[in-house]
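Note that the numbering runs from 1 along the sequence shown for the chain.
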Amino acid sequence: MTAWIATSFGTLDLRGVHGAGEVGTVAVTPVNAADPIVLREPADELWRRLVAGPIDDETLDDDDRAVLHDFESLGLASTRLDDPFRTRTIPVPWLSSFVHELVYALVASIARRDGIDVVFVKGPMLRAQGLREREHSGDVDVWVSPLQQPMLARAMQARGWRSLETTFTGTPIAHSLTLLPGGWGCEIDVHVRFPGITVADASAFAHIRSRSVACEFAGVTASAPDIATHAVISALHQIRPLPGAPPAAERLEGAIAALCAAGWQEADRAAESLGARGPLEPAFAGAGRPSRSGEVALHDWGWRDADRGADAMRAYFRVLPVRYWPRVIRRMLWPTVEALYYPDKDSPRTRVAVAKRRRDRLIRKLRTLLRRDGHQMS
């Protein structure tokens with residue numbers, strides 16, 4: 001007798017999901033395959049039995065055995081009853097996009113497999129914690145320790161994502177790495193810090209991990225910051241100054257609302273722990289809270305107060321170690337095709353179109369670097 005159980009990197013019951021019933025009733029991410037699969041009769045019924053299992057293959061007919069062995073090759077079935085990715089439930093989606101929920105589950109599963117600590121930030125957990133009204137986010141944001149960011153990027157590459165190499169990728173300036181999707185259609189931002197947090201990156205992540213709470217996506221357990229810490233992250237994200245412009249009034253109001261929802265004392269303590277009290281002063285002051293001074297990290301915050309263009313770039317170079325300068329200048333003047341077209345992803349990429357875009361960008365960058373305060377530099 002051979003006993004079989006279900007394994008996956010996340011699964012969802014699509015019955016009742018608008019528009020999904022015509023495709024199938026169960027969405028599942030295989031352990032060994034790159035893309036999710038939507039199961040329909042009769043495979044979905046066998047999957048449900050495996051999830052409720054174990055089941056004895058002697059109780060199956062030949063057709064079910066054939067499907068079972070297909071499942072095994074995909075990583076959807078195993079004879080190891082203690083398999084670390086054994087699937088015991090098929091939950092209904094709690095995100096408005098079941099595909100995004102599967103992406104969260106996939107990242108969490110791969111991180112667990114490879115020994116990578118991850119904490120999911122922003123996105124739907126902000127609404128679940130009462131910190132914002134909007135539920136859906138266009139991408140998935142995950143925070144890792146600085147040393148493990150490349151590990152996660154490589155692991156996700158095997159699933160169809162590829163790193164977006166921008167001007168400052170791989171330098172201390174970049175606070176996140178964008179992973180562009182293949183068939184999944186959902187970007188992943190892998191953070192090593194958030195602008196406005198002034199404690200060391202490794203210390204900040206250790207604090208986030210110690211204050212994380214459990215959450216679940218597609219039946220896979222994951223981690224998110226606790227409410228107070230998440231409110232600080234959300235507020236920083238909302239009020240970060242854009243190049244040459246202060247935060248818009250509605251963004252400041254959103255930051256105040258998030259901090260208020262978490263509780264001002266708890267948010268204040270969380271901000272102090274992350275060295276973010278200074279950058280958050282506009283939100284605290286806007287709510288009439290006591291004013292307190294705090295350090296602002298130039299490379300993540302102060303540069304944003306500079307004028308758009310040459311002044312902002314100079315602010316970057318003032319904090320960037322000299323050893324990174326040749327690579328940064330090369331990427332700035334001659335970016336990768338992906339960076340050249342990001343986020344304008346649908347434009348034609350013929351050889352002529354790429355050459356024209358490169359030429360136009362190069363001219364703009366050179367003009368920007370040679371100008372200051374609207375005047376030609378001598």
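A donor-acceptor pair is defined here as one N or O able to donate and one able to accept, closer than 3.5 Å; no such pair exists between the side chain of Y341 and the backbone of T336. Counting only distance, with no hydrogens or angles, the side chain of S78 and the backbone of R80 share a donor-acceptor pair below 3.5 Å. For the pair R289 (side chain) and D268 (backbone), a donor-acceptor distance under 3.5 Å is absent. A donor-acceptor pair under 3.5 Å is absent between the side-chain atoms of R88 and the main chain of A6, judged by distance alone. Within the 3.5 Å criterion, the main-chain N or O of L164 finds no donor-acceptor partner in the side chain of E338. Remark: side-chain polar atoms of E187 are not paired, donor with acceptor, to backbone N or O of T178 under 3.5 angstrom. Checking side-chain atoms of Q148 against main-chain N and O of G115 turns up a donor-acceptor pair under 3.5 Å. Side chain of D114 to backbone of I116: no donor-acceptor contact under 3.5 angstrom is found. Checked by atom type and distance alone, the side chain of R358 never pairs as donor or acceptor with a backbone atom of L333 at under 3.5 Å. Counting only distance, with no hydrogens or angles, the side chain of R251 and the backbone of H237 share a donor-acceptor pair below 3.5 Å.
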Show the numbers, then the answer: is there a side chain to side chain contact (heavy atoms under 4.5 Å, CB included) between R112 and V118? CA-CA 9 Å; R112 187 177 71 183; V118 299; over 6 Å; no
For R49 and D64: C-alpha separation, side-chain torsions, deciding distance, then whether side chain to side chain contact (heavy atoms under 4.5 Å, CB included) applies. CA-CA 11 Å; R49 290 172 61 190; D64 280 345; 3.7 Å; yes
Before you tell me yes or no, could you show the steps for Y104 and L95 under side chain to side chain contact (heavy atoms under 4.5 Å, CB included), namely the whole-Å CA-CA distance, both residues' side-chain angles and the distance that decides it to 0.1 Å? CA-CA 11 Å; Y104 278 100; L95 302 192; 3.9 Å; yes
Evaluate L152 against M156 for side chain to side chain contact (heavy atoms under 4.5 Å, CB included), listing each step before the verdict. CA-CA 6 Å; L152 184 59; M156 297 310 299; 4.1 Å; yes
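Within the 4.5 Å cutoff, the side chain of V121 has heavy atoms near those of the P225 side chain. The shortest distance between side-chain heavy atoms of S234 and L131 does not fall below 4.5 Å. Put simply, the side chain of L60 does not reach to within 4.5 Å of the side chain of V67, judged on heavy atoms. Side-chain atoms of V51 and T11, non-hydrogen and from C-beta on, never get closer than 4.5 Å to each other. Taking the side chain as every heavy atom from C-beta outward, D117 and V119 never approach each other to under 4.5 Å. Counting heavy atoms from C-beta outward, S145 and V192 have side chains that stay 4.5 Å or more apart. Between V107 and F217 the shortest side-chain heavy-atom distance does not fall below 4.5 Å. Residues W94 and E216 form no side-chain contact, since every pair of their non-hydrogen atoms from C-beta on lies 4.5 Å or further apart.
If you take CD on Q149 and CZ on R193, they are separated by 9.5 Å, rounding to the nearest 0.5 Å. To the nearest 0.5 Å, the span separating CG on L177 from OG1 on T169 amounts to 6.0 Å. Here the OG atom belonging to S97 is positioned 8.5 Å from the CG atom belonging to L102, to the nearest 0.5 angstrom. I208 contributes atom CD1, which lies 6.0 Å from atom CD1 of I197 (distance to the nearest 0.5 angstrom). Expressed to the nearest 0.5 Å, how far NE2 of H230 lies from CG of L126 amounts to 4.0 Å. Separating the CG atom in D62 from the CG atom in L68 is a distance of 12.0 Å, to the nearest 0.5 Å.
In the model, D56 has no side-chain atom that pairs as donor or acceptor with a side-chain atom of T59 under 3.5 Å. Donor-acceptor pairing under 3.5 Å is recorded for the side chains of D44 and T25. A side-chain donor-acceptor contact under 3.5 Å links T87 and S8.
Considering every non-hydrogen atom in both R40 and G24, the closest pair reads CB-CA, 3.9 Å. Contact record, V31 with G75: CG2-O, 3.3 Å, taken as the closest heavy-atom pair. The shortest non-hydrogen separation linking G196 to P279 is O-CG, 3.3 Å. For the residue pair P54 and A3, the shortest heavy atom distance occurs at CB-CB, 4.0 Å. In this structure, P91 and G219 approach most closely via the heavy-atom pair CG-N, 3.5 Å. The minimum heavy-atom distance between P36 and P30, with the atom names listed, is CA-CD, 4.2 Å.
A continuous path of hydrophobic side-chain contacts links W184 to L14 [ILVMFWY only; heavy atoms under 4.5 Å]. Under the 4.5 Å side-chain heavy-atom criterion for Ile, Leu, Val, Met, Phe, Trp and Tyr, W161 and V190 are members of the same hydrophobic cluster. Cluster annotation: I55 and V26 are assigned to the same hydrophobic cluster (Ile/Leu/Val/Met/Phe/Trp/Tyr, side-chain heavy-atom contacts under 4.5 Å, transitive). Taken together through direct or relayed side-chain contacts under 4.5 Å among Ile, Leu, Val, Met, Phe, Trp and Tyr, F120 and V220 form parts of separate hydrophobic clusters. Cluster annotation: L76 is not connected to I5 through the hydrophobic network of ILVMFWY side chains, with a link wherever side-chain heavy atoms come within less than 4.5 Å.
Relative ring orientation between W143 and F205 is described as tilted, the plane-to-plane angle lying within the 30° to 60° band. Relative ring orientation between W325 and F317 is described as perpendicular, the plane-to-plane angle rising above 60° on a 0-90° scale split at 30° and 60°.
Remark: of the listed residues R357, R364, K356, K356 is the sole one forming a side-chain hydrogen bond (donor to acceptor under 3.5 Å, both in side chains) with D360.
With sequence neighbours left out, R209 forms a side-chain hydrogen bond (donor to acceptor under 3.5 Å, both in side chains) with no residue at all.
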